[in-house]
Trainee: 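Shown below is the structure under consideration.
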Amino acid sequence: MAILFISDIDDPQAWQRELSRRLGPIDFRVWPELGDPAEIEVALVWRPPPGLLARLPRLRLIQALSAGVDALLADPTLPDVPLCRMVDASLTTTMVEFVTTVVLFFHRDLDHYARQQRAAIWRQRPPQPAAATRVGLMGLGVLGRAVAERLTGLGFTVRGWSRTRHALEGVTTFAGADGLAPFLGGCDILICLLPLTPATEGILDARLFAALPPGAVVVNVGRGRHLVAQDLLDALDRGRLRAAWLDVFADEPLPPDHPFWRHPRIHLTPHVAAWTHPESAADVVVDNLRRLEAGAPLRYRVDRRRGY
Ligand code: NAP
Ligand code: GLV
């Protein structure tokens with residue numbers, strides 16, 4: 001079985017090493033060195049060129065290197081074979097670390113102190129207990145739940161919103177369109193950890209910002225197209241929102257002339273909130289390869305109709 005690896009951010013040599021360590025010698029091809037397309041049965045991918053996978057006549061599995069599969073599903077020629085997403089300890093741990101760091105950054109007023117330093121202002125802001133900061137998680141999936149657990153452990157007041165209702169210890173939960181406004185009304189820091197689907201595209205817009213408490217912070221670690229850029233700029237410039245932390249963008253890399261780069265209340269990182277490390281994630285891929293061979297149900301299969 002030949003495996004085709006396509007990614008411009010993941011290290012193909014590390015992936016080949018980790019897969020071979022578990023499987024023995026493998027036929028591992030790195031795009032654009034395709035070889036005979038008819039020999040490729042598995043595609044291990046992050047954002048492959050649209051149309052490429054349709055050129056593989058014997059493809060049996062598309063295994064994403066990512067949790068989000070919106071880019072794959074946006075390809076109208078995507079072959080009708082099982083599509084699985086990445087659920088992996090390194091991905092979850094890095095996301096939990098990142099969101100916790102950002103929440104603590106705002107909770108401890110480090111954005112205010114950075115501004116004060118630039119103006120040589122010595123003004124102490126007494127730290128508040130974590131429970132005084134209400135953190136809202138949009139998305140209570142694998143990543144949202146792990147983040148919720150860490151934040152409740154640190155003492156934050158946590159609420160979560162999802163498509164279907166979930167019961168999570170220590171978290172006030174809301175669901176569906178009717179639950180959105182009541183959820184938003186109690187979020188001092190809002191974290192978007194949703195998948196990008198037709199239902200969630202553009203969800204971070206003026207209407208949503210207006211439903212947040214005045215002075216709230218918006219953190220987007222989902223996908224860039226969740227956010228309506230001009231609505232965010234307007235809400236920040238009117239003082240409706242305190243700040244935003246953005247890790248994902250509609251166009252990546254973010255173009256150098258984009259206003260987000262220089263906005264004084266926008267903090268940004270280049271899509272690094274979470275990372276899939278082959279040292280652990282190869283276990284997930286190998287498990288699915290063995291299941292594929294055995295005709296067993298695959299893990300983390302995407303429901304294409306639902307879009308995640
Ligand atoms: P997941 O396990 O599939 O969870 C998705 C969550 O979103 C579920 O709770 C789901 O609700 C909820 N949801 C989906 N559509 C919704 C809707 N229309 N309204 C309300 N809630 C909705 O996904 P995950 O593994 O946690 O990953 C989430 C996303 O994070 C990924 O899709 C990706 O875009 C993003 N991500 C970003 C990075 C980064 O580095 N920035 C890294 C990894 C992932 P139900 O529970 O009811 O189904
Ligand atoms: C990264 O953005 C992922 O979806 O894993």
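Read the numbers this way: they start at 1 and go in the same order the structure lists the ligands and their atoms. Keep in mind that what you see is a predicted model, and the values were worked out from it rather than measured.
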Trainee: Among protein heavy atoms, which lies nearest atom 36 (N) of ligand 1, and at what distance?
Mentor: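 For atom 36 (N) of ligand 1, the nearest protein heavy atom comes out as Val221 O, 3.7 Å.
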Trainee: Quick check against the 3.5 Å criterion: does Trp261 have a side-chain atom that pairs as donor or acceptor with the backbone of Pro255?
Mentor: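 Yes, because the side chain of Trp261 sits within donor-acceptor range (under 3.5 Å) of the backbone of Pro255.
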Trainee: Decide whether the shortest distance between a heavy atom of Thr197 and an atom of ligand 1 is less than 4.0 Å.
Mentor: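 The answer is no, since Thr197 has no heavy atom less than 4.0 Å from ligand 1.
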Trainee: Measure the distances from the heavy atoms of Arg145 to every atom of ligand 1 and state whether one is below 4.0 angstrom.
Mentor: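 No, that is not the case, since the closest heavy atom of the residue is not under 4.0 Å from the ligand.
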Trainee: Who's closest to atom 22 (C) of ligand 1 heavy-atom-wise, of Leu194, Thr92, Leu143?
Mentor: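 Going through Leu194, Thr92, Leu143 one by one, Leu194 has the nearest heavy atom to atom 22 (C) of ligand 1.
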Trainee: Which side-chain N or O atoms in residues 74-89 pair as donor and acceptor under 3.5 Å with protein atoms at least two apart or in another chain?
Mentor:
{"unit_1": "Asp75", "atom_1": "OD1", "unit_2": "Thr77", "atom_2": "N", "d": "2.8"}
{"unit_1": "Asp75", "atom_1": "OD1", "unit_2": "Thr77", "atom_2": "OG1", "d": "2.7"}
{"unit_1": "Asp75", "atom_1": "OD2", "unit_2": "Gly51", "atom_2": "N", "d": "2.9"}
{"unit_1": "Asp75", "atom_1": "OD2", "unit_2": "Thr77", "atom_2": "OG1", "d": "3.3"}
{"unit_1": "Arg85", "atom_1": "NH1", "unit_2": "Ala67", "atom_2": "O", "d": "3.2"}
{"unit_1": "Asp88", "atom_1": "OD1", "unit_2": "Ser280", "atom_2": "OG", "d": "2.8"}
{"unit_1": "Asp88", "atom_1": "OD1", "unit_2": "Ala281", "atom_2": "N", "d": "3.3"}
{"unit_1": "Asp88", "atom_1": "OD2", "unit_2": "Ser90", "atom_2": "N", "d": "3.0"}
{"unit_1": "Asp88", "atom_1": "OD2", "unit_2": "Ser90", "atom_2": "OG", "d": "2.3"}
{"unit_1": "Asp88", "atom_1": "OD2", "unit_2": "Leu91", "atom_2": "N", "d": "3.2"}
{"unit_1": "Asp88", "atom_1": "OD2", "unit_2": "Ser280", "atom_2": "OG", "d": "3.4"}

Trainee: Out of all atoms in ligand 1, which are within 4.0 Å of some heavy atom of Ala67? Include the element for each.
Mentor: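 Going through ligand 1 atom by atom, the ones under 4.0 Å from Ala67 are 25 (O), 43 (C), 44 (C).
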Trainee: Does Met138 approach ligand 1 within less than 4.0 angstrom via side chain, backbone, both or neither, non-hydrogen atoms only?
Mentor: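 Met138 to ligand 1: no contact under 4.0 Å from either part.
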Trainee: Do Ile40 and Met1 have side chains that get closer than 4.5 Å, going by heavy atoms?
Mentor: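 Answer no - side chains too far apart.
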Trainee: Would you mind writing out a table of all protein N or O atoms found under 3.5 Å from any N or O atom of ligand 2, naming both atoms and giving the distance to 0.1 Å?
Mentor:
{"unit_1": "ligand 2", "atom_1": "2 (O)", "unit_2": "Arg223", "atom_2": "NH1", "d": "2.9"}
{"unit_1": "ligand 2", "atom_1": "2 (O)", "unit_2": "Arg223", "atom_2": "NH2", "d": "3.4"}
{"unit_1": "ligand 2", "atom_1": "2 (O)", "unit_2": "His271", "atom_2": "NE2", "d": "2.6"}
{"unit_1": "ligand 2", "atom_1": "4 (O)", "unit_2": "Ala67", "atom_2": "N", "d": "3.3"}
{"unit_1": "ligand 2", "atom_1": "4 (O)", "unit_2": "Gly68", "atom_2": "N", "d": "2.8"}
{"unit_1": "ligand 2", "atom_1": "4 (O)", "unit_2": "Arg223", "atom_2": "NH2", "d": "2.7"}
{"unit_1": "ligand 2", "atom_1": "5 (O)", "unit_2": "Ala67", "atom_2": "N", "d": "2.7"}

Trainee: Determine, for Arg22 against Glu18, whether the closest basic-nitrogen to carboxylate-oxygen distance falls under 4.0 angstrom.
Mentor: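 Looking at Glu18 together with Arg22, the answer is yes, because their closest N to O distance falls below 4.0 Å.
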Trainee: In this structure, does ligand 1 have an atom that sits under 4.0 Å from one of the heavy atoms of Phe98?
Mentor: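 False for this residue.
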Trainee: Would you kindly specify which portion of Val248 sits under 4.0 Å from ligand 1, judged on non-hydrogen atoms: side chain, backbone, both or neither?
Mentor: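 The side chain, only.
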Trainee: Looking at atom 11 (O) of ligand 1, what's its closest protein heavy atom, distance included?
Mentor: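 Its nearest protein heavy-atom neighbour is Arg163 N, 3.3 Å.
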Trainee: Can you list the steps and then say if Arg21 with Glu279 is a salt bridge (Lys or Arg N to Asp or Glu O under 4.0 Å)?
Mentor: CA-CA 10 Å; Arg21 200 172 268 168; Glu279 290 75 10; over 6 Å; no
Trainee: Which ligand 1 atoms are under 4.0 Å away from a heavy-atom of His271?
Mentor: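 Reading through ligand 1 atom by atom, the close ones are 39 (C), 40 (O), 41 (N).
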Trainee: Using only atom types and a distance under 3.5 Å, with no angle test, would you say the side chain of Arg29 pairs donor to acceptor with the backbone of Leu4?
Mentor: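 Side chain of Arg29 to backbone of Leu4: no pair is present.
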Trainee: Out of Asp247, Thr200, Val302, Val69, who is nearest to atom 17 (C) of ligand 1 when you count heavy atoms only?
Mentor: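 Going through Asp247, Thr200, Val302, Val69 one by one, Thr200 has the nearest heavy atom to atom 17 (C) of ligand 1.
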Trainee: Given the rule in the ring pair (Phe, Tyr, Trp, His ring centres under 6.0 Å) test, do His107 and Phe156 qualify, once you have shown the distances and angles that lead to the verdict?
Mentor: CA-CA 10 Å; His107 169 66; Phe156 287 99; 5.1 Å; yes
Trainee: What is the closest protein heavy atom to atom 38 (C) of ligand 1, and at what distance does it sit?
Mentor: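 Ranking protein heavy atoms by distance from atom 38 (C) of ligand 1, first comes Met95 CE, 3.4 Å.
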Trainee: Starting from atom 48 (O) of ligand 1, which protein heavy atom do you reach first, and at what distance in Å?
Mentor: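 Of every protein heavy atom, Tyr308 OH, 2.5 Å lies nearest to atom 48 (O) of ligand 1.
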Trainee: Compute the shortest N/O to N/O distance between Ala274 and ligand 1 and return yes if it is under 3.5 Å, no if not.
Mentor: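 Between Ala274 and ligand 1 (N or O atoms, distance only) the closest approach is under 3.5 Å.
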Trainee: Given Gly68, Pro195, Ala175, identify the one with the heavy atom nearest to atom 7 (O) of ligand 1.
Mentor: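 Ranked by closest heavy atom to atom 7 (O) of ligand 1, first place is Pro195.
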Trainee: Among all the protein's non-hydrogen atoms, which is closest to atom 9 (O) of ligand 1, and how far away is it?
Mentor: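 Looking at atom 9 (O) of ligand 1, the protein heavy atom closest to it is Leu140 N, 2.9 Å.
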Trainee: Going by atom types alone, do Tyr113 and Arg118 pair a side-chain donor with an acceptor below 3.5 Å?
Mentor: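 There is no such pair between these side chains.
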Trainee: Please state whether the rings of Phe105 and His267 are parallel, tilted or perpendicular, taking 30° and 60° as the class boundaries.
Mentor: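 Ring orientation of Phe105 relative to His267: perpendicular.
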Trainee: Please write down residue, atom name and distance for the protein heavy atom closest to atom 6 (C) of ligand 1.
Mentor: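 That would be Gly141 N, 3.7 Å.
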Trainee: For atom 28 (C) of ligand 1, what's the nearest protein heavy atom and its distance?
Mentor: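 Result for atom 28 (C) of ligand 1: Leu193 O, 3.4 Å.
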Trainee: Return yes when atom CD of Glu149 has more than 12 non-hydrogen atoms of other residues, nucleotides or ligands closer than 6.0 Å, and no otherwise.
Mentor: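 Atom CD in Glu149 is not crowded, with 12 or fewer foreign heavy atoms closer than 6.0 Å.
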Trainee: Do any nitrogen or oxygen atoms of Asp70 come within less than 3.5 Å of a nitrogen or oxygen of ligand 1?
Mentor: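 No, since none of the N or O atoms of Asp70 sits under 3.5 Å from an N or O of ligand 1.
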Trainee: Which protein heavy atom lies closest to atom 33 (C) of ligand 1, and at what distance to 0.1 Å?
Mentor: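 Result: Arg223 NH1, 3.6 Å.
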Trainee: For Asp178, look at atom CG and say whether over 12 heavy atoms of other residues, nucleotides or ligands are found less than 6.0 Å away.
Mentor: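 Not more than 12 within 6.0 Å, no.
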Trainee: Quick check on contacts: which atoms of ligand 1 are under 4.0 angstrom from a heavy atom of Gly139?
Mentor: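 Reading through ligand 1 atom by atom, the close ones are 6 (C), 7 (O), 9 (O).
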Trainee: Determine which pairs satisfy ring pair (Phe, Tyr, Trp, His ring centres under 6.0 Å) with at least one residue from residues 16-40, sequence neighbours left out, and list them in order.
Mentor: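 Found Phe5-Phe28.
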Trainee: In sequence, state the C-alpha distance, the side-chain angles, and the governing distance for Arg238 and Asp234, and then conclude on salt bridge (Lys or Arg N to Asp or Glu O under 4.0 Å).
Mentor: CA-CA 6 Å; Arg238 281 189 292 105; Asp234 291 346; over 6 Å; no
Trainee: Which of the numbered atoms in ligand 1 are under 4.0 angstrom from any heavy atom belonging to Trp161?
Mentor: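 Selected atoms, number and element: 19 (N), 20 (C).
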Trainee: Using residues 194-208 as the side-chain source, report each donor-acceptor pair under 3.5 Å to any protein atom, sequence neighbours left out, with the distance given to one decimal.
Mentor:
{"unit_1": "Thr197", "atom_1": "OG1", "unit_2": "Ala199", "atom_2": "N", "d": "3.2"}
{"unit_1": "Thr197", "atom_1": "OG1", "unit_2": "Thr200", "atom_2": "N", "d": "3.3"}
{"unit_1": "Thr197", "atom_1": "OG1", "unit_2": "Thr200", "atom_2": "OG1", "d": "3.4"}
{"unit_1": "Thr200", "atom_1": "OG1", "unit_2": "Pro195", "atom_2": "O", "d": "2.6"}
{"unit_1": "Thr200", "atom_1": "OG1", "unit_2": "Thr197", "atom_2": "N", "d": "2.9"}
{"unit_1": "Thr200", "atom_1": "OG1", "unit_2": "Thr197", "atom_2": "O", "d": "3.4"}
{"unit_1": "Thr200", "atom_1": "OG1", "unit_2": "His226", "atom_2": "NE2", "d": "3.2"}
{"unit_1": "Glu201", "atom_1": "OE1", "unit_2": "Arg225", "atom_2": "NH2", "d": "3.2"}
{"unit_1": "Glu201", "atom_1": "OE2", "unit_2": "Arg225", "atom_2": "NE", "d": "3.1"}
{"unit_1": "Glu201", "atom_1": "OE2", "unit_2": "Arg225", "atom_2": "NH2", "d": "3.2"}
{"unit_1": "Asp205", "atom_1": "OD1", "unit_2": "Arg207", "atom_2": "N", "d": "3.3"}
{"unit_1": "Asp205", "atom_1": "OD1", "unit_2": "Leu208", "atom_2": "N", "d": "3.0"}

Trainee: Of the backbone atoms (N, CA, C, O) and the side-chain heavy atoms from C-beta on, which set of Val87 has a member under 4.0 Å from an atom of ligand 1: side chain, backbone, both, or neither?
Mentor: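 Neither part.
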Trainee: Identify which of His166, Arg165, Arg85 has a heavy atom lying nearest to atom 23 (O) of ligand 1.
Mentor: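 Of the listed residues, Arg85 has the closest heavy atom.
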Trainee: Examine the side chains of Gln116 and Arg125 and answer whether a donor and an acceptor come within less than 3.5 Å of each other.
Mentor: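 Yes, Arg125 and Gln116 have a side-chain donor paired with an acceptor closer than 3.5 Å.
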Trainee: By number and element, which atoms of ligand 1 are closer than 4.0 Å to a non-hydrogen atom of Ala199?
Mentor: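 Result: 18 (N).
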